[in-house]
Amino acid sequence: MNILVLNCGSSSLKYQLLNMDTETLLVKGLCERIGIDGFLKHERGDQVYEANLPMPDHEAAVKIVLDALLDAEHGVLKSMDEIHAVGHRVVHGGEQFSDSILIDEEVEHVIHKCGDLAPLHNPSNLVGIRACKHIMPNVPQVAVFDTAFHSSMPKKAYLYAIPYEYYEKHKIRKYGFHGTSHKYVSMRAAELLNKPYDELKIITCHLGNGASICAVDCGRSVDTSMGMTPLEGLIMGTRSGDIDPAVIPFIMQKGHLTVQETIDLLNKKSGVLGVSGVSSDFRDIGAAAAEGNEQAQAALDSYWYRVARYIGSYTASMNGVDAIVFTAGVGENHIQTREEVCKYLTYLGVDVDTAKNDVRGKEVDFSKDGAKVRTLVIPTNEELVIARDTKRIVSN
Ligand code: AMP
């Protein structure tokens, strides 16, 4: 069974085609600058094909992806009939979706309604779904939600302490994101540790440009650091994460900013970029700090401290921790981040083997032999989770 996985952003579309009989990746690629001009990058193994192609909208981009899959030179399919299902990443499923689901008109309608809670993401996801339905009307489409894995959170974890009517009327609560990633790396951790998933207390740290932490107790998300939107929680590349809410009107007053300008400041100009004044990329910040840039060092110190603080609090949530997993761009590649975060955690029984930690983008248990809490790097694979869910849903 071949499954096409799509992740549609406002001006981009990432895709992977997987053979799900063997769980192997056939091709992957990216359409960028949709609605502007259009650029395709298509990769089959080591072969990379790049082209500037007009993409006035997402439907045009989906057609270009299908052409690339069928292309005699860099494609892998002979006919569109060889695509058996499409799995769509959808960011927000609200309270309605606790699992992936086959898309019909009702599901589309609810995804549209959840757009209230994720105005930057859900509308683009929906555009991708509609484009595929139009071009491939007979191929089943499945929605896989970033929020679904966190639907197991108890009320005490997801309620905000504001008047209850805001939860009842407007569904204002913590939802959490990166669910497919937290699910994948926590399950993989259990496999690597050779222990039953439903007996482990795991803390997963998805540290990418966006970043979140999740407490996975016996296979269920019981708390996570992102909130109603992906702005809450950790310090991120350009997002502030947790902040005293009273700072917000203060910033607006001092900078004469509108609500939208303030939200943009917190989403796009804050985080390690805002504090360092250098970049949102840890390679640049690390280089600047090594040259003595104090703001860059302050950004790193604050980032590490907050990750460690969340791990401490999630250990309390679960009354213990067996394993801590690092994933995504920073978690997989920034060796110093893992080392510095773990320095705060020796009281828990974390004991890092520095030589084993000297790795980028590979699965490794970098704890010393005998360490009470295992520390692991596991490269995330959200597309594989989406494809597995899609296969499960269409096979039923
Ligand atoms: P993601 O959102 O998961 O793609 O992560 C992107 C971020 O990962 C970048 O902004 C960098 O901060 C970080 N990153 C990626 N590669 C490296 C690397 N080799 N060393 C350090 N940080 C990296």
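When a ligand or atom number is given, it counts from 1 through the structure's own listing order. Along the sequence shown, the residues carry numbers beginning at 1.
A cation-pi arrangement, defined by a distance under 6.0 Å to the six-membered ring centre and an angle within 45 degrees of its axis, is absent between Arg306 and Tyr310. Cation-pi geometry between Arg33 and Phe39 is not met: the NZ or CZ atom fails to fall both under 6.0 Å from the ring centre and inside 45° of the normal.
For Ser212 and His206, the side-chain atoms include no donor-acceptor pair closer than 3.5 Å. Using a 3.5 Å distance cut-off with no hydrogens or angles, the side chains of Ser276 and Gln295 do not pair a donor with an acceptor.
Between Ala328 and ligand 1, a contact under 3.5 Å exists for no N or O pair.
Interface of Asn209 with ligand 1, defined as ligand atoms under 4.0 Å from a residue heavy atom, comprises 1 (P), 2 (O), 5 (O), 6 (C). Within ligand 1, counting atoms from 1 as listed, the ones closer than 4.0 Å to a heavy atom of Val330 are 8 (O), 12 (O), 13 (C).
Protein heavy atoms come within 4.0 Å of atom 16 (N) of ligand 1.
Among protein heavy atoms, the minimum distance from atom 18 (C) of ligand 1 is reached at Asn333 CB, 3.3 Å. Regarding atom 12 (O) of ligand 1, its nearest protein heavy-atom neighbour is Phe282 N, 2.8 Å. Of all protein heavy atoms, the one closest to atom 9 (C) of ligand 1 is Asp281 OD2, 3.8 Å. Looking at atom 21 (C) of ligand 1, its nearest protein heavy atom turns out to be Arg283 CG, 3.6 Å.
Among Gly331, Gly208, Gly329, the residue whose heavy atom lies closest to atom 14 (N) of ligand 1 is Gly329.
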For salt bridge (Lys or Arg N to Asp or Glu O under 4.0 Å), just list the numbers for Arg130 and Glu108, CA-CA rounded to whole Å, side-chain angles, deciding distance to a tenth of an Å, and then say yes or no.
CA-CA 9 Å; Arg130 289 184 172 146; Glu108 266 183 61; 2.8 Å; yes
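Applying the salt bridge (Lys or Arg N to Asp or Glu O under 4.0 Å) test between Lys356 and each of Asp351, Asp369, Asp365 identifies Asp369 as the sole match.
Relative orientation of the Phe282 and His334 rings is perpendicular, given thresholds of 30° and 60° on the angle between their planes.
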